[in-house]
K.L.:
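Okay, handing you the structure first.
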There are 2 protein chains.
Amino acid sequence: MPLTLEEIGKLAGVSRSTVSRVVNGSANVSEVVRERVGQVIHQTGYHPHAAARSLVTHRTRVIGVVIPEALTKLFTDPFFPLLLRGVTETCNSHDYHLMLSLFSGPDGQFDMHRRVIRSGYLDGVIMASTRLDDPLVARLLQDKVALVMVGRHPDERVNYVDTDNLGAARMATEHLIRLGHKKIATLTGPLNMLQAQDRVAGFRQAMDAHRYSLPESLVVEGDFTEGSGYEGMTRLLAVRPSAVFAASDAMAVGALKAIRHAGLRVPDDIALVGFDDVPIAEAIEPALTTVRQPIERLGSMATELLLTLIEAGSSEEPRLVQRIVLPAELIVRQSCGALR
Amino acid sequence: MPLTLEEIGKLAGVSRSTVSRVVNGSANVSEVVRERVGQVIHQTGYHPHAAARSLVTHRTRVIGVVIPEALTKLFTDPFFPLLLRGVTETCNSHDYHLMLSLFSGPDGQFDMHRRVIRSGYLDGVIMASTRLDDPLVARLLQDKVALVMVGRHPDERVNYVDTDNLGAARMATEHLIRLGHKKIATLTGPLNMLQAQDRVAGFRQAMDAHRYSLPESLVVEGDFTEGSGYEGMTRLLAVRPSAVFAASDAMAVGALKAIRHAGLRVPDDIALVGFDDVPIAEAIEPALTTVRQPIERLGSMATELLLTLIEAGSSEEPRLVQRIVLPAELIVRQSCGALR
DNA sequence: CCAGGGCGTGGGAGCGCTCCCATGAAGGAC
DNA sequence: GTCCTTCATGGGAGCGCTCCCACGCCCTGG
């Protein structure tokens, strides 16, 4: 049933080699033959066998997307689907395919490394939601696998694409400053995550730039979850800030609940800004002012970059390391008090 | 750099064939040799080349997940990530890999069919979120590709795994009946979708079983979106039902807004039940009573089924068509008025 | 003592493709 | 007319693996 080059050749009255030339669009095929072979290919619905091809080309036209820790967190916000959408779109248009690897534990990763990378399944890898100390990064780097990360990484050999978390946090904070708030607090993410660090850094930059004093009581660490937002806000209520920048929407929702339970109102008593723009941000009352990341673009740019690396792979070693940082967007709704 | 069987053989002082036997765990290898070869394999980190292997075995150990219409809808609810989680978990434990294909248009599908199926990339395919009339289904069936669908399909040759939408809708409706509601309405999904049909059918069954009269004014068609929920509810307000079963959480949220704008309260004036249990359901006020599908299990069972089909594939033709229907769960919160 | 049957092992063939070189026909320059 | 180039085409080799058969060893039974 599955046809081979040889059979197509027989049908078209030419050799295997000539059919191969037509399939791969190489020059040096007469117009007549090209036409004839093309017809046969079209009629039979022939398509070259991928495995046979990659056995000799050492290319699979498949890239991997690796999400090391498939935690629950990931699955309640639209980050992951949007990222994949960006990746697949670029893959589709470049005739590449996407292999998805999700892991719940570190043991799975080790397997993955052997099974997938070493077995030559993939031409390159995109890693997202990676923890700083993930050992897989080092291993991939060592194996010289084409690699692009989504979210920045300190290793200087790593190509990455990231949102400008710092700039976005500064922008959100400045928005609150511009609204006249004097005492602004922040609920941060877990500070062992680069993202979280960047967001506090942006917050601090804005505060510094406007010569706001920033006692440490106004910076409370959480872990991006609603629960930690509730708790953190409860602690912040002791110092009564007039505005709060939460490093995730989930934390902002938690903060909102804490504020309400204290008998206060958002935005009248305390203004609130979140980060992520998950669907909930728009659904709650008051709708949450927040920061929207260009997630889909992150995915497509990472892919674009990866494909460039792959295609340049055959050239000499010292290829340039690329880092792309995309701006985020402030979505102004009710919770900051700017509207109305 | 990448090692071959031959090289491992040389290092271990045996032939290519023997190494292959060790790798594939076949019998008829002496304990001594097995041990020695195993050591070499472990030390070198050797892994067989996937393409070479599948060139001869005609197996890739890769399955495809195809989502034909990567619409925005899909990306605002956690269906898709949860499904993938179920699929990958099963894939991981069976040493299979997952190739993901998302399409935004029908033209992409045609490509996909040729590029992916015919080129022998995949051993089998899982399709989800498929429209009834999707031409890809017919084509896959015709090509005798191992296929499992998530969500039922009328074609009698199709293996599928589905949630018991009918039973779940009946359960949700009966919950409202048990709470003493006499005039219960429903906001349906688009009736050209099987899911939506099943949910109305369940609603009708419950109403019939309790000999409730059901004038057509109590059944309003929507399209699963919040907007259509708002509109539909606005129309329903004319007949003033005491409870509403919405076929999606998004529609329930829309209905909630419409009810509020009419100056009425949930659940006091009108009780509300949704479907899906998206994160928003829990975040809104009052928290939404809704139906939770076993999405992750759907994914893992579909995969399990697919792998069975693949592994049985070599046997004779008339393989049994399998259909698995999993029950859903009613999550009781505030919006139905049962609590408190 | 030798025939016969395991069992462990080695090596040829071939999967479907690409790459490279050989071949032959056509064409241009002298 | 001859020689050399150019270009279209064919076919061998080999990618790394699995499958199959052949080979030699040892053990058993008559």
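Per chain, numbering begins at 1; letters A, B, ... match sequence-line order.
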K.L.:
Taking for each residue the nucleotide of DNA chain D with the nearest heavy atom, is it B/R53 or A/H58 whose nucleotide lies nearer the 5' end?
P.N.:
A/H58

K.L.:
Could you check whether any side-chain N or O of A/D155 sits under 3.5 Å from a backbone N or O of A/R157, counting only pairs where one atom can act as donor and the other as acceptor?
P.N.:
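A pair under 3.5 Å: yes.
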
K.L.:
Output a table of nitrogen or oxygen pairs between the protein and nucleotides 20-26 of chain D separated by less than 3.5 Å.
P.N.:
none

K.L.:
Considering only heavy atoms of chain A and a distance under 4.0 Å, specify the first and last nucleotide of DNA chain C in 5' to 3' order that meet this criterion.
P.N.:
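Endpoints of the contacted stretch of DNA chain C: C/dG16 to C/dC20.
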
K.L.:
Do A/E296 and A/E89 make a side-chain contact, defined as non-hydrogen atoms from C-beta onward lying under 4.5 Å apart?
P.N.:
yes

K.L.:
Can you find a pair of side-chain heavy atoms, one from A/L100 and one from B/M99, that are under 4.5 Å apart?
P.N.:
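A/L100 vs B/M99: side chains apart.
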
K.L.:
Run the numbers on B/S54 and B/R59 for side chain to side chain contact (heavy atoms under 4.5 Å, CB included), then give the verdict.
P.N.:
CA-CA 5 Å; B/S54 63; B/R59 283 284 152 76; 5.6 Å; no

K.L.:
Among A/I67, A/V65, A/V66, which residue meets the side-chain contact (heavy atoms from CB on, under 4.5 Å) test with A/L102?
P.N.:
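Between A/L102 and the candidates, side-chain contact (heavy atoms from CB on, under 4.5 Å) is satisfied uniquely by A/I67.
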
K.L.:
Got A/R53 and A/H49 here, is their nearest side-chain heavy-atom distance under 4.5 Å?
P.N.:
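No, too far: nothing below the 4.5 Å cut-off.
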
K.L.:
If you assign A/E6 and B/V14 each to the DNA chain C nucleotide with the nearest heavy atom, which residue ends up on the more 5' nucleotide?
P.N.:
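In this pair, the answer is B/V14.
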
K.L.:
Would you say the side chain of A/Y96 lies within less than 4.5 Å of the side chain of A/L307, judging by non-hydrogen atoms?
P.N.:
yes

K.L.:
With nearest nucleotides of DNA chain C determined for B/R34 and A/S20 from heavy-atom distances, which residue corresponds to the more 5′ nucleotide?
P.N.:
B/R34

K.L.:
Does B/R297 CZ have over 12 foreign heavy atoms under 6.0 Å away?
P.N.:
no

K.L.:
Would you work out how much the helix from C/dC1-D/dG30 to C/dC30-D/dG1 bends between its ends, with each end axis defined by five base pairs, to 10 degrees?
P.N.:
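The two end axes of the helix from C/dC1-D/dG30 to C/dC30-D/dG1 meet at 50°.
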
K.L.:
Can you spot which of A/L306, A/T303, A/I63, A/L98 makes a side-chain contact (heavy atoms from CB on, under 4.5 Å) with A/T90?
P.N.:
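Output: one option passes, namely A/T303.
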
K.L.:
So, does A/E7 use its side chain to make a donor-acceptor pair with the main chain of A/T4 at under 3.5 Å?
P.N.:
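Pair found, side chain donor or acceptor close to backbone of A/T4.
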
K.L.:
For D/dC7, does either OP1 or OP2 sit under 4.0 Å from a side-chain N or O belonging to A/N28?
P.N.:
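Negative; the distance criterion is not met.
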
